[in-house]
Amino acid sequence: MDLIERPPLAVVIDLDDTLFPQGSHLYGAARAVGRAGIAAGLDPVRLSRALRRQFLAGSDRVGTIDRALAAYGIAPDLAAGLIPVLVDAFTAYRPRRLPRYPGALDALLAISSRYPVACLTDGNPAIQRAKLAATGLAEAFTTIVITDELGGRTLRKPHPEGLRQAAETLGVHPSDLVVIGDRPTTDMAVAAALGARSIRVLTGEYAADPDEPAPTAHAPDLESAAALLGV
């Protein structure tokens, strides 16, 4: 059914690569890790570049810093002592400002003026909240659900618990939601799991991924997604 013919009662929006380019955060975090490596005699530029190459190969893979150290040429026994320090540097990185996608703030404000809106995002809670602060988007949401706060990595999308929690907080049934996100295997999949409709925005790292599962609608960006919702 058309999104305008049956408007949702509330909207759920992903954060990374939907509202802002996640690469901007990863670039700064890689520099922070590079600086932390100086104490161990590592070249900060070379280390940060090695880490960025790993992010480009897939930003959500585990063991990214391990692989970056291996690519740098660090022996496994030395790497074992470095990894906790470098992981701490990555987690502690707090950007002062992160760029939003063009028009994303206005689109988000337009959506939130008509619908209750939740942000549903995966990741380390401190990192995700720092991203929201640095993008200046936190205040536009009715509620923010970070799946890792509900039970760790196992509850990340497409596990339905985060979306179920968002629906409950917004006071609607999941089938009355529209989920907006960039990644089919997480954002579209979690919507499908609970019978919500979805809009896939074609931004970020996963823009070329196949529609598996298929969204209800496509939009090039959040501005266009807002237009599909009639705002």
Side-chain angles (χ1 to χ4, degrees), residues 1 3-4 6-20 22 25 60 100-101 104-105 107-201 203-204 206 213-219 221-226 228-231:
M1 181 176 289
L3 293 168
I4 303 303
R6 185 171 70 87
L9 297 183
V11 176
V12 173
I13 304 179
D14 173 55
L15 175 61
D16 298 325
D17 283 338
T18 296
L19 292 167
F20 87 104
Q22 183 181 207
H25 176 269
D60 67 346
R100 301 180 292 263
Y101 283 125
L105 178 58
L108 177 57
L109 291 174
I111 295 170
S112 65
S113 71
R114 180 166 176 178
Y115 302 104
V117 183
C119 177
L120 177 61
T121 183
D122 299 327
N124 178 290
I127 294 174
Q128 298 309 102
R129 293 194 183 278
K131 292 174 183 176
L132 284 161
T135 55
L137 296 171
E139 298 303 315
F141 292 103
T142 306
T143 189
I144 295 166
V145 178
I146 301 175
T147 56
D148 285 39
E149 291 182 331
L150 304 178
R153 296 179 65 95
T154 60
L155 294 188
R156 291 184 180 184
K157 297 175 282 187
H159 193 288
E161 184 56 33
L163 187 59
R164 188 179 291 116
Q165 180 68 45
E168 182 177 333
T169 303
L170 295 172
V172 304
H173 190 274
S175 63
D176 290 316
L177 292 172
V178 165
V179 176
I180 302 175
D182 66 293
R183 191 173 180 185
T185 56
T186 57
D187 302 311
M188 277 64 259
V190 74
L194 291 183
R197 288 171 292 168
S198 60
I199 302 174
R200 181 185 179 185
V201 292
T203 48
Y206 303 99
T216 306
H218 294 88
D221 51 32
L222 191 67
E223 276 191 304
S224 299
L228 290 176
L229 294 171
V231 299

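Keep in mind the model is a prediction, meaning the values are calculated, not measured.
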For Arg6 and Ser175, work out which heavy atoms get closest and say how close. NH1-O, 3.8 Å
Would you name the heavy atoms of Ala167 and His173 that are closest together and state the gap between them? CB-C, 4.4 Å
Are Ser198 and Thr216 side-chain neighbours, meaning at least one heavy-atom pair lies under 4.5 Å? yes
Separation between CZ of Arg100 and CG of Leu108, rounded to the nearest 0.5 Å: 9.5 Å
Quick check: does any side chain N or O of Asp122 sit under 3.5 Å from a backbone N or O of Thr147, one acting as donor and the other as acceptor? no
When you check the gap from the basic side-chain N to the acidic O, do Asp187 and Lys157 get nearer than 4.0 Å? yes
With rounding to the nearest 0.5 Å, note down the distance linking OG1 in Thr18 to OH in Tyr206. 11.0 Å
Evaluate the criterion side-chain contact (heavy atoms from CB on, under 4.5 Å) for residue pair Ile199 and Leu3; output intermediate values, then yes/no. CA-CA 9 Å; Ile199 302 174; Leu3 293 168; 3.6 Å; yes
Compare every heavy atom of Ala196 with every heavy atom of Leu163, then report the nearest pair and how far apart it is. CD2-CB, 4.5 Å
Any side-chain heavy-atom pair from Ile146 and Arg129 closer than 4.5 angstrom? yes
Rounded to the nearest 0.5 Å, how far apart are CZ of Arg164 and NE2 of His159? 7.5 Å
Looking at Asp60 and Arg183, is any side-chain nitrogen of the basic one under 4.0 Å from a carboxylate oxygen of the acidic one? yes
For side-chain contact (heavy atoms from CB on, under 4.5 Å), just list the numbers for Leu229 and Ile180, CA-CA rounded to whole Å, side-chain angles, deciding distance to a tenth of an Å, and then say yes or no. CA-CA 11 Å; Leu229 294 171; Ile180 302 175; 4.0 Å; yes
Pair Asp182-Thr203, side-chain donor/acceptor within less than 3.5 Å: no
Non-hydrogen side-chain atoms of Val201 and Asp221 separated by less than 4.5 Å: no
Can you name the nearest heavy-atom pair linking Val145 to Gly162, along with the distance? CG1-O, 3.8 Å
Can any side-chain N or O of Thr142 pair as donor or acceptor with the backbone N or O of Val117 at less than 3.5 Å? yes
Checking side-chain contact (heavy atoms from CB on, under 4.5 Å) for the pair Gln165/Leu150: CA distance, chi angles, key distance, verdict? CA-CA 9 Å; Gln165 180 68 45; Leu150 304 178; 4.2 Å; yes
d(Leu120 CG, Arg156 CZ) to nearest 0.5 Å is 12.0 Å
Non-hydrogen side-chain atoms of Leu222 and Tyr101 separated by less than 4.5 Å: no
Looking only at heavy atoms, the pair that brings Pro8 and Tyr115 closest together is O-CE2, 3.1 Å
Any heavy-atom pair between the side chains of Asp148 and Arg153 that's under 4.5 Å? yes
Check the pair Ile111, Ile13 against side-chain contact (heavy atoms from CB on, under 4.5 Å), reporting the backbone distance first and the verdict last. CA-CA 10 Å; Ile111 295 170; Ile13 304 179; 4.2 Å; yes
Flag the pair Leu177 / Leu194 as yes when at least one side-chain heavy-atom distance between them is below 4.5 Å, and no otherwise. no
Side chain to side chain, Leu19 and Thr135, heavy atoms closer than 4.5 Å: no
Decide, yes or no, whether a salt bridge links Asp16 with Lys131 under the criterion of side-chain N to carboxylate O below 4.0 Å. yes
Heavy-atom closest pair, residues Ser112 and Ala140: CB-O, 3.4 Å
Indicate yes or no: at least one non-hydrogen side-chain atom of Leu132 is less than 4.5 angstrom from one of Ile144. yes
Rounded to the nearest 0.5 Å, how far apart are CG of Leu170 and CG of Asp176? 11.5 Å
